[in-house]
Amino acid sequence: MILDLLFPNRCLHCNRIIVSEILVCDLCFSQIHFTHYNYFENNPIKEKCSLFFPVENAFGLIRFEEEGLSRKIIHELKYRSREKTGKILANWTTERLDFQDDNPDLLVSVPLHPKKLKERGYNQLHLYTETLSKFYHIPFDHELIRRNHYSKAQALKDKKHRLETDNTFSITRPVTGKHILLIDDVFTTGNTVSSVAWEILNAGDNKVSVLVMAEDV
């Protein structure tokens with residue numbers, strides 16, 4: 001209580017004092033640009049993913065604009081130790097994403113390298129994924145995929161080489177016959193998502209859909 005008085009929670013956009021459970025005030029909420037994509041229909045994320053791997057469905061929550069409020073929100077989550085932002089983003093997602101009784105079998109988030117995890121103290125996707133898991137009643141697995149190198153994923157050059165992996169990620173246990181929803185924070189080129197997706201697809205008769213917090217535009 002004393003800390004709340006000394007260091008009150010403030011809106012990320014206008015700096016107005018707000019309650020601790022939210023990120024932005026009611027007035028600034030309209031400045032967040034949600035994508036309004038349909039998970040089951042073609043959209044820019046699905047179209048980009050399909051250039052790299054066979055994707056079932058795809059959804060992105062917000063637009064990651066250069067100077068927009070969405071960038072501030074993602075940066076709060078990733079770089080300013082506000083892990084609870086993941087739960088808020090998950091709640092926004094559940095208000096906009098309807099699986100229509102066609103739930104994936106498993107939620108899997110893109111992992112951090114252990115060194116990066118130690119530096120940050122948390123994986124920014126875990127609380128987001130766990131909140132979605134509880135809401136949709138879909139199990140999650142934070143250990144299915146391992147990141148092998150302390151570096152950014154290298155781009156997959158073209159469709160001809162899309163079955164090749166650069167050992168950036170590896171799968172830790174056999175999994176087959178599952179529809180896996182792959183979760184990441186920001187979708188840019190799609191290289192990271194595609195690297196993980198191919199590990200899942202090559203592991204067995206699996207299907208992959210994609211969910212991202214933000215799409216870089």
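All figures in this text were calculated on a predicted structure; none of them were measured in a lab.
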Taking all atoms of both residues into account, what is the closest heavy-atom pair of [X] and [Y], and its distance?
{"X": "S170", "Y": "N148", "result": "OG-OD1, 3.2 Å"}
{"X": "N15", "Y": "R10", "result": "O-NH1, 3.0 Å"}
{"X": "G86", "Y": "L77", "result": "N-CD1, 3.5 Å"}
{"X": "L182", "Y": "A197", "result": "CD2-N, 3.9 Å"}
{"X": "S70", "Y": "E65", "result": "OG-N, 3.4 Å"}
{"X": "R147", "Y": "H113", "result": "CD-N, 3.4 Å"}

Just how far is it from atom [atom1] of [X] to atom [atom2] of [Y], taken to the nearest 0.5 Å?
{"X": "Q124", "Y": "K78", "atom1": "CD", "atom2": "NZ", "value": "5.5 Å"}
{"X": "R82", "Y": "I73", "atom1": "CZ", "atom2": "CD1", "value": "10.0 Å"}
{"X": "F140", "Y": "S109", "atom1": "CZ", "atom2": "OG", "value": "9.0 Å"}
{"X": "I74", "Y": "R80", "atom1": "CD1", "atom2": "CZ", "value": "12.5 Å"}
{"X": "L144", "Y": "T172", "atom1": "CG", "atom2": "OG1", "value": "5.0 Å"}
{"X": "F53", "Y": "N202", "atom1": "CZ", "atom2": "CG", "value": "12.0 Å"}

request  = Decide side chain to side chain contact (heavy atoms under 4.5 Å, CB included) for Y39 and L181; before the verdict, give the C-alpha distance in whole Å, the side-chain angles of both, and the deciding distance to 0.1 Å.
outcome  = CA-CA 11 Å; Y39 171 75; L181 184 64; 4.2 Å; yes
task = Run the numbers on K84 and E21 for salt bridge (charged side-chain N to carboxylate O under 4.0 Å, His left out), then give the verdict.
result = CA-CA 9 Å; K84 71 175 184 179; E21 293 79 16; over 6 Å; no
Are [X] and [Y] side-chain neighbours, meaning at least one heavy-atom pair lies under 4.5 Å?
{"X": "F169", "Y": "R146", "result": "no"}
{"X": "H75", "Y": "R71", "result": "yes"}
{"X": "T35", "Y": "L61", "result": "no"}
{"X": "T93", "Y": "F135", "result": "no"}
{"X": "D216", "Y": "F187", "result": "no"}
{"X": "R120", "Y": "L112", "result": "yes"}
{"X": "I183", "Y": "L132", "result": "yes"}
{"X": "I62", "Y": "H33", "result": "no"}

request  = Using distance alone, with no hydrogens and no angle criterion, decide if E119 and Y150 have a side-chain donor and acceptor under 3.5 Å apart.
outcome  = yes
message = Looking only at the side chains, is there a donor atom on one of T129 and H142 sitting less than 3.5 Å from an acceptor on the other?
response = no
inquiry  = side chain to side chain contact (heavy atoms under 4.5 Å, CB included) for L125 and M213? Distances and angles first, verdict last.
reply    = CA-CA 9 Å; L125 295 172; M213 295 175 175; 3.7 Å; yes
Within the side chain of [X], is there an N or O that forms a donor-acceptor pair under 3.5 Å with the backbone of [Y]?
{"X": "K46", "Y": "E56", "value": "yes"}
{"X": "N43", "Y": "E41", "value": "yes"}
{"X": "D105", "Y": "I180", "value": "no"}
{"X": "N9", "Y": "I22", "value": "yes"}

ask   = Is the Y128 to H126 ring centre distance short of 6.0 Å?
value = no
task = Please test N57 against H179 for side chain to side chain contact (heavy atoms under 4.5 Å, CB included), starting from the C-alpha separation and ending with a verdict.
result = CA-CA 10 Å; N57 306 296; H179 181 188; 4.1 Å; yes
ask   = Looking at T176, L106, N206, which hits side-chain contact (heavy atoms from CB on, under 4.5 Å) with I200?
value = N206
message = Out of the candidates F99, F40, Y37, only one should pair with F59 under the side-chain contact (heavy atoms from CB on, under 4.5 Å) rule; please name it.
response = Y37
query = Is the cationic atom of R63 (NZ for Lys, CZ for Arg) positioned less than 6.0 Å from the six-membered ring centroid of F34 and within 45 degrees of its normal?
reply = no
task = Could you walk me through whether K48 and E215 pass the side chain to side chain contact (heavy atoms under 4.5 Å, CB included) test, one step at a time?
result = CA-CA 11 Å; K48 291 173 184 176; E215 177 191 14; 3.5 Å; yes
Are [X] and [Y] linked, directly or through other ILVMFWY residues, by side chains that come within less than 4.5 angstrom of each other?
{"X": "L127", "Y": "I138", "value": "no"}
{"X": "L51", "Y": "V196", "value": "yes"}
{"X": "I45", "Y": "L201", "value": "yes"}
{"X": "L89", "Y": "I18", "value": "no"}

message = Just checking R16: does its CZ atom have more than 12 heavy atoms from other residues, nucleotides or ligands closer to it than 6.0 angstrom?
response = no
ask   = If you count the non-hydrogen atoms of other residues, nucleotides and ligands that lie under 6.0 Å from NZ in K178, is the total more than 12?
value = no
ask   = What is the ring orientation for F29 with W92, classed by angle as parallel under 30°, tilted 30 to 60°, or perpendicular over 60°?
value = perpendicular
